[in-house]
Asker: 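Here it is, the structure in full.
Bear in mind the structure is a predicted one, so any value in this text is a computation, not a measurement.
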Amino acid sequence: ISDLITHFLREMPAEAVGWKCLAVNLSDLAAMNAEPQACLLSLALPSDLPDIWIHGFFNGLQRCCEAYQVDLAGGDTVRQQSEINISVSVLGKTHTPLLRKGAKAGDLIVVTGTEHGAAAVGLNDFQNGVDSPWVKSQYYPVPRFESARHLATLERAQVLDTSDSLLRSARLLAELNRLGCEIYAEKIPVTAALKAHREDFLNYALTGGEDFELMAAISPEALSTLNPKEFSVIGKLTAIPQKYTLHHHGKSVAFSEWGEGFSHF
């Protein structure tokens, strides 16, 4: 798994950038139920970058490596004119891989987490100088390895993470399996505190990226084997390909009418 990181602003704490550049890649490993082994780091840094930033960055990276038992096995560092470019590759292994393809019409769509939209709210708060607890969600994502292990015990589960927004991830999961999907807005896990913080919390929950939760398609029969405190049902896959519907306040709209959030390209 490799990622040229576009997940941070220059003004963000260097330690948070160090943690996040590895954690976002580990989330992809978690979605495959792969255990991390090692990582490679390539840096292109401007010559005027303060040493304190570099030390902070490596402190954050080391913390993440230690938390998930990842060895920094090598890489490269070069100088450049102005921007900070960070490229991380992670290596992992699994005996019971979770794939994205293989789902069926009628499968339930479940997600981990209780605070969808938190990272996007945190980014907005940071950019507006608001000191809120959700800024930490933006700084320090948590890969869901334990939840992936639970999904891997099922007869089948098709899994990805929600890094590019909940709606975009649901559409991709359906699209890869040549199916459609229905998402029920009122079932998306969002805490009362976040709802009180932002009146438009639902837009963040649906289209905000970087939550790095897991989304899975599972059979209805498998639901009883999952912990309801860990997984929430937010919708289902349907038999009509390319029909992606959001149900909200008794109305149904296509994903495209609501907007699907962040895209890397």
Side-chain angles (χ1 to χ4, degrees), residues 1-3 5 7 19-40 61 63-73 88-104 106-116 119 137 140-166 168-179 181 189 209-237 264:
I1 300 297
S2 182
D3 194 8
I5 185 167
H7 301 278
W19 173 283
K20 191 172 184 180
C21 74
L22 177 57
V24 298
N25 286 279
L26 294 179
S27 181
D28 286 327
L29 282 186
M32 295 183 288
N33 191 39
E35 297 295 332
Q37 304 295 304
C39 68
L40 301 172
L61 179 67
R63 281 184 54 222
C64 196
C65 284
E66 291 174 353
Y68 298 102
Q69 299 180 12
V70 181
D71 293 326
L72 178 57
V88 177
S89 299
V90 294
L91 306 174
K93 65 178 181 180
T94 178
H95 299 293
T96 52
L98 291 169
L99 306 178
R100 295 182 174 187
K101 293 185 178 181
K104 300 177 181 179
D107 280 356
L108 301 177
I109 298 175
V110 300
V111 291
T112 60
T114 60
E115 193 90 296
H116 287 261
S137 297
Y140 299 105
V142 177
R144 301 300 186 187
F145 286 105
E146 190 64 28
S147 297
R149 295 183 193 108
H150 294 163
L151 290 169
T153 65
L154 305 181
E155 183 177 348
R156 62 179 177 84
Q158 283 64 52
V159 184
L160 42 67
D161 76 11
T162 62
S163 56
D164 291 343
S165 87
L166 192 148
R168 187 175 293 275
S169 298
R171 179 184 61 78
L172 179 59
L173 186 59
E175 187 176 67
L176 288 170
N177 289 282
R178 299 182 181 180
L179 298 168
C181 66
E210 302 202 297
D211 281 325
F212 296 100
E213 299 292 347
L214 296 184
M215 174 181 288
I218 65 170
S219 68
E221 297 77 20
L223 182 62
S224 62
T225 67
L226 296 179
N227 184 346
K229 294 182 178 179
E230 185 179 9
F231 295 93
S232 301
V233 178
I234 63 165
K236 64 181 179 180
L237 294 174
H264 283 285

Asker: Check whether any side-chain heavy atom of Phe212 lies under 4.5 Å from a side-chain heavy atom of Pro143, and answer yes or no.
Answerer: no
Asker: Would Glu213 and Thr112 count as having a side-chain donor-acceptor pair, cut-off 3.5 Å?
Answerer: yes
Asker: Can you tell if the side chain of Asp107 reaches within under 4.5 Å of the side chain of Ile218, non-hydrogen atoms only?
Answerer: no
Asker: Taking all atoms of both residues into account, what is the closest heavy-atom pair of Leu98 and Ala148, and its distance?
Answerer: CD1-O, 3.6 Å
Asker: With rounding to the nearest 0.5 angstrom, report the CD to CG distance, Gln158 to Leu173.
Answerer: 7.5 Å
Asker: What heavy-atom pair brings Cys181 and Ala170 nearest, and what distance separates the two atoms?
Answerer: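 Of all heavy-atom pairs spanning Cys181 and Ala170, the closest is SG-O, 3.9 Å.
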Asker: Sub-3.5 Å donor-acceptor pair from the side chain of Thr225 to the main-chain atoms of Ala222, do we have one?
Answerer: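 The answer is yes, because a donor-acceptor pair under 3.5 Å joins these two groups.
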Asker: Which heavy atom of Gly209 sits nearest to which heavy atom of Ala119, and what is that distance?
Answerer: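 Nearest pair, atom of Gly209 first, then Ala119: O-CB, 3.9 Å.
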Asker: When rounded to the nearest 0.5 angstrom, what distance separates OG1 in Thr114 from CD in Glu230?
Answerer: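 That separation rounds to 11.5 Å.
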Asker: Apply the test side chain to side chain contact (heavy atoms under 4.5 Å, CB included) to residues Val233 and Val111: give CA-CA distance (whole Å), side-chain angles for both, the deciding distance (0.1 Å), then the verdict.
Answerer: CA-CA 7 Å; Val233 178; Val111 291; over 6 Å; no
Asker: Looking at Pro141, is its backbone amide N or carbonyl O close enough to the side chain of Trp19 to form a donor-acceptor pair, meaning the two atoms are under 3.5 Å apart?
Answerer: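 Indeed, once roles are kept as given, a pair shorter than 3.5 Å links the two residues.
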Asker: Heavy-atom distance under 4.5 Å between the side chains of Val70 and Pro36, does that happen here?
Answerer: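 Answer yes - side chains close enough.
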Asker: For Gly106 versus Pro220, what's the shortest heavy-atom pair and its separation?
Answerer: O-CG, 3.5 Å
Asker: Start with the C-alpha gap between Ser163 and Glu210, add the side-chain angles, then the distance that decides, and say whether side chain to side chain donor-acceptor pair (under 3.5 Å) holds.
Answerer: CA-CA 4 Å; Ser163 56; Glu210 302 202 297; over 6 Å; no
Asker: To the nearest 0.5 Å, tell me how far Ile109 CD1 sits from Ser232 OG.
Answerer: 13.0 Å
Asker: Side-chain contact test, heavy atoms from C-beta onward, threshold under 4.5 Å: evaluate it for Val88 versus Leu40 and give yes or no.
Answerer: no
Asker: With rounding to the nearest 0.5 angstrom, report the CG to CG distance, Leu26 to Asp28.
Answerer: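 Going from CG on Leu26 over to CG on Asp28, the span is 9.0 Å.
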Asker: Under the side chain to side chain donor-acceptor pair (under 3.5 Å) rule, what pairs show up with a residue in residues 91-104, not counting sequence neighbours?
Answerer: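 For residues 91-104: Asn33-Thr96.
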Asker: Is there a salt bridge (Lys or Arg N to Asp or Glu O under 4.0 Å) between Glu35 and Arg149 once you walk through the steps?
Answerer: CA-CA 10 Å; Glu35 297 295 332; Arg149 295 183 193 108; 3.0 Å; yes
Asker: Just verifying a value: how many Å separate Leu22 CG and Leu72 CG, rounded to the nearest 0.5 Å?
Answerer: 9.0 Å
Asker: Salt bridge (Lys or Arg N to Asp or Glu O under 4.0 Å), that's the test. Do Arg144 and Asp161 meet it? Break it down for me.
Answerer: CA-CA 9 Å; Arg144 301 300 186 187; Asp161 76 11; over 6 Å; no
Asker: To the nearest 0.5 Å, what is the distance between CG on Leu237 and CG on Asn177?
Answerer: 7.0 Å
Asker: Between Asn25 and Cys39, does a side chain to side chain contact (heavy atoms under 4.5 Å, CB included) hold up when you go through it step by step?
Answerer: CA-CA 9 Å; Asn25 286 279; Cys39 68; over 6 Å; no
Asker: Report the C-alpha distance between Arg156 and Ser219 in whole Å, list the side-chain angles of each, state the deciding distance to 0.1 Å, and finish with yes or no for side chain to side chain contact (heavy atoms under 4.5 Å, CB included).
Answerer: CA-CA 8 Å; Arg156 62 179 177 84; Ser219 68; 3.9 Å; yes
Asker: Just by distance, do the side chain of Asp211 and the backbone of Thr162 share a donor-acceptor pair under 3.5 Å?
Answerer: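 Not a single qualifying donor-acceptor pair exists.
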Asker: Show, in sequence, the C-alpha distance, side-chain angles and deciding distance for Asp71 and Gln37, and conclude whether the side chain to side chain contact (heavy atoms under 4.5 Å, CB included) test is met.
Answerer: CA-CA 6 Å; Asp71 293 326; Gln37 304 295 304; over 6 Å; no
Asker: Determine the sole option in Val110, Val159, Ile234 for which the side chain to side chain contact (heavy atoms under 4.5 Å, CB included) test with Met215 is passed.
Answerer: Ile234
Asker: Should the pair Arg63 and Tyr68 be classed as cation-pi, given the thresholds of under 6.0 Å to the six-membered ring centre and 45° from the axis?
Answerer: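 Here Arg63 fails the 6.0 Å and 45° test against Tyr68.
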